[in-house]
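Just below is one structure, and these are the notes that go with it.
Reckoned from all heavy atoms, side chains included, excluding hydrogens, waters and symmetry mates. For ligands, and for the atoms within them, numbers begin at 1 and follow the listed sequence.
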Amino acid sequence: MILLDRVTKVYNRREAALERVSLHVEPKEFVIIVGASGAGKSTMFKLLTREEKPTSGKIIVGGIDYENLKDRDIPTLRRKIGVVFQDFKLLSNKTVYENVAFALEIAGATNAEIKHTVPKVLEVVGLKDKTNSYPRQLSGGEKQRVAIARAIVRQPKILIADEPTGNLDPKHAWDVIKVLEKINRFGTTVLLTTHNQEIVNYLKRRVVTIRDGKVVSDKAIGNYKG
Ligand code: ADP
C-alpha cells in the first residue's frame, strides 16, 4: 500500500534529507518511525502527502504511482492520507463539532453527511461530551483527539501522526495512543513518530529507525533501543 523505493530528497543542494530510503508498509499496519530531530521523518511524510517531490526514487501509495501524478489528482491522493501534528492546528473560533465538520465542508460533503458523520467520529475519539466546547476549553490531549477526529473524518486509508504526543503530559499522551490503536484496529494504516520510548515499548509494533536520512533499522517488535 505504501512503497518507497530508493527515495532521495535533497533540499537546496545541501546534503540529502533522505537518501535512498526504501520502505514497504502493508495495508492496516501500524509502523512507528523513530529518529532524532532532523533525521528526515517529516520529509518522508511530506513526500507521501506530495507537499514535496522526491529528487529521485519511486513512491507508490494505494496503487497511485507519484511519477504519473497530475496536479488535479492531488486532492484525491490527500483524501487517502490523514495527518495530525504535534501542534494541533485547530481553528480557535470554531467548536469541536465545527472543527471536524469543517474538514467535510471543504471536501464538499452535504449537511446530511456532516450531521451523520461528525458525531460518530467524535464518539471514536471519546469526545462526544465536548461537542460544543471551544479549543481553549480543552486539555492538550482533548485537542489532539479533535485533530485526530478531523484527520479521520473522511476515512483516509492512512493516518500519519507526526509526534502527536510531543506536547502532552503522560496521561493525555496515552489517551491519544489508545485512540490511534483503535483507529488502526478499524483498518487504517498508521504511521506514528514518537520520541517516547515507553510508548514504543508498549505498542510492540514495527519500528523503523531513521538516522541522517537513512533507514538504519526496521524491526517487527518494539524493542528499539535509542
Ligand atoms: P525530522 O522530521 O526527522 O526532524 P526533517 O525531515 O524535518 O526531519 O528534516 C530533515 C533534514 O532536512 C534536516 O536537515 C532539515 O534541516 C532539512 N529540511 C527539512 N525541510 C527543509 C526545507 N523545506 N528546506 C531545506 N531543508 C529542509
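The local environment of NZ in K120 is sparse, with at most 12 non-hydrogen atoms from other residues, nucleotides or ligands closer than 6.0 Å.
Taking only nitrogen or oxygen atoms, main chain and side chain alike, E52 does not reach within less than 3.5 Å of ligand 1.
Annotation: atom 16 (O) of ligand 1 to nearest protein heavy atom, R14 NH1, 4.1 Å. In terms of protein heavy atoms, atom 6 (O) of ligand 1 is closest to T43 OG1, 2.5 Å. Protein heavy atom closest to atom 8 (O) of ligand 1, with residue, atom name and distance, is G40 N, 3.1 Å. Nearest protein heavy-atom contact of atom 23 (N) of ligand 1 is Y11 CE2, 3.6 Å. For atom 7 (O) of ligand 1, the closest non-hydrogen atom of the protein is S42 CB, 3.7 Å. Remark: minimum distance from atom 12 (O) of ligand 1 to any protein heavy atom is reached at A17 CB, 3.3 Å.
Taking each heavy atom of L47 and P54 in turn, the nearest pair found is CD2-N, 3.4 Å. Contact detail for R50 and I74: the closest heavy-atom pair is CG-CD1, 3.9 Å. Contact between V215 and V21 at its shortest, heavy atoms only, is CG2-CG1, 3.8 Å.
Proximity of a side-chain donor or acceptor of Q144 to a complementary backbone N or O of P164 within less than 3.5 Å is detected.
Atoms of ligand 1 lying under 4.0 Å from at least one heavy atom of A36, given by number and element, are 3 (O). Heavy-atom contacts of N12 reach the following atoms of ligand 1: 24 (N), 25 (C) (cutoff under 4.0 Å). Close contacts between ligand 1 and A39 involve ligand atoms 1 (P), 3 (O), 8 (O) [criterion: under 4.0 Å to a heavy atom].
Nearest-heavy-atom check against atom 13 (C) of ligand 1 across G213, G38, G35 picks out G38.
Using modelled atom types, one finds no donor on one side chain facing an acceptor on the other under 3.5 Å when comparing Q197 with Y202.
For atom 21 (C) of ligand 1, the nearest protein heavy atom is under 4.0 Å away.
Residues passing the side-chain hydrogen bond (donor to acceptor under 3.5 Å, both in side chains) test with E113, sequence neighbours excluded: T110.
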Please assess K41 against D162 for the test salt bridge (Lys or Arg N to Asp or Glu O under 4.0 Å), listing each intermediate value before the final yes or no. CA-CA 8 Å; K41 306 176 298 293; D162 193 357; over 6 Å; no
